[in-house]
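Report on one structure; see the data block that follows.
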Amino acid sequence: MKNRKMISTFSYDGATYVHQGWVGTDHTTLYANDENDEECRSGGLDQCSDLRDDYAYPMTRIFDITSLENIGVPREFVNTNVHSSIDHNMYVQGDYLYSANYEAGARIYKILEDKSLEEVAYFDVSNDCEDIVNCDDPYGGVWTHIPFKSSTTTIASNGFYGLHIFKTRLPFDPVSLDSLFE
């Protein structure tokens, strides 16, 4: 670690708490969630009232990282198929992105040819709240959602209701996360 070098740093307008992202399998795209942007847009956090919006749908930023020295403004994917909620951790396996969206459950998005996202499946494991504005704990629900090895099984964790194991009807994709766990 003596010879390390910072390649670049980057941000975007409205960044609040970006703590996790995942790189696509071709290593040209970074998908990232900002854990506080939905609360900011809903008016739930005072320190970011300038980001106020009428409704706080989960939003994923899509960064082109083909040049690490020149990462530009991200595209945004806003999931309007779900009630207002906070997105959290995500992982990519093959052509799918597996996302944890706290009170909106475990979501699966198809990564399209242009690297944009389209929701193809979801599992809402909690009915504790239907929007982050009128919710006692908007951080309940699914904390992480990960594909299990080279299969159509996914695993979602929930701090209040335990571990959930799902069998998806998605086509089997042999590209996997296995190499990360060896």
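Side-chain contact between Val142 and Ser157 is absent, with no heavy atoms from C-beta onward closer than 4.5 Å. Residues Val18 and Asn33 fail the side-chain proximity criterion, which asks for heavy atoms closer than 4.5 Å. Between Thr9 and Met6 the shortest side-chain heavy-atom distance falls below 4.5 Å. Contact check for Ile146 versus Thr154: no side-chain heavy atoms found under the 4.5 Å cut-off. Taking 4.5 Å as the limit, every side-chain heavy atom of Thr60 sits out of range of all side-chain heavy atoms of Glu76. A heavy-atom distance below 4.5 Å is found between the side chains of Ile71 and Ser8. Side-chain contact check for Thr144 versus His88: every heavy-atom pair is 4.5 Å or farther apart. With contacts defined as side-chain heavy-atom distances shorter than 4.5 Å, the pair Ile108/His145 qualifies.
One distance of note links CZ of Arg61 with CG of Leu30; it measures 12.0 Å at 0.5 Å rounding. Phe123 CZ to Asn158 CG: the interatomic distance, rounded to the nearest 0.5 Å, is 14.5 Å. We find the CG-CG distance between Asp124 and Asn101 to be 9.5 Å, quoted to the nearest 0.5 Å. The distance from the OG1 atom of Thr152 to the CZ atom of Arg169 is 11.0 Å, given to the nearest 0.5 Å. Between atom CE of residue Met90 and atom CG of residue Leu97 there is a gap of 5.5 Å, rounded to the nearest 0.5 Å. Of the inter-residue distances, the one linking Glu119 atom CD with Leu117 atom CG reads 10.0 Å to the nearest 0.5 angstrom.
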Evaluation steps, side-chain contact (heavy atoms from CB on, under 4.5 Å), between Lys110 and Tyr96: CA-CA 5 Å; Lys110 172 79 171 149; Tyr96 295 95; 3.6 Å; yes
Evaluation steps, side-chain contact (heavy atoms from CB on, under 4.5 Å), between Thr168 and Thr153: CA-CA 6 Å; Thr168 69; Thr153 301; over 6 Å; no
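Two rings, from Tyr109 and Phe77, have their centers less than 6.0 Å apart. Between Trp22 and Tyr91, a ring centre-to-centre spacing shorter than 6.0 Å is recorded. Taking the six-membered ring wherever Trp is involved, the centroid distance between the rings of Phe10 and Phe63 falls below 6.0 Å.
Looking at every heavy atom in both residues, Lys115 comes nearest to Tyr31 through O-OH, 2.9 Å. Residues Asp87 and Met59 share a closest heavy-atom pair of OD2-O, 2.8 Å. Across every non-hydrogen atom of Phe148 and Ile155, the tightest pair is CD1-CD1, 3.6 Å.
Residue pairs that meet the side chain to side chain donor-acceptor pair (under 3.5 Å) test with at least one member in residues 64-73, sequence neighbours left out, are Asp64-Thr66.
Transitive grouping of hydrophobic side chains (ILVMFWY, heavy atoms separated by less than 4.5 Å) keeps Val92 and Leu112 in distinct clusters.
Annotation: side-chain hydrogen bond (donor to acceptor under 3.5 Å, both in side chains) contacts of Thr28 (sequence neighbours excluded): Asp26.
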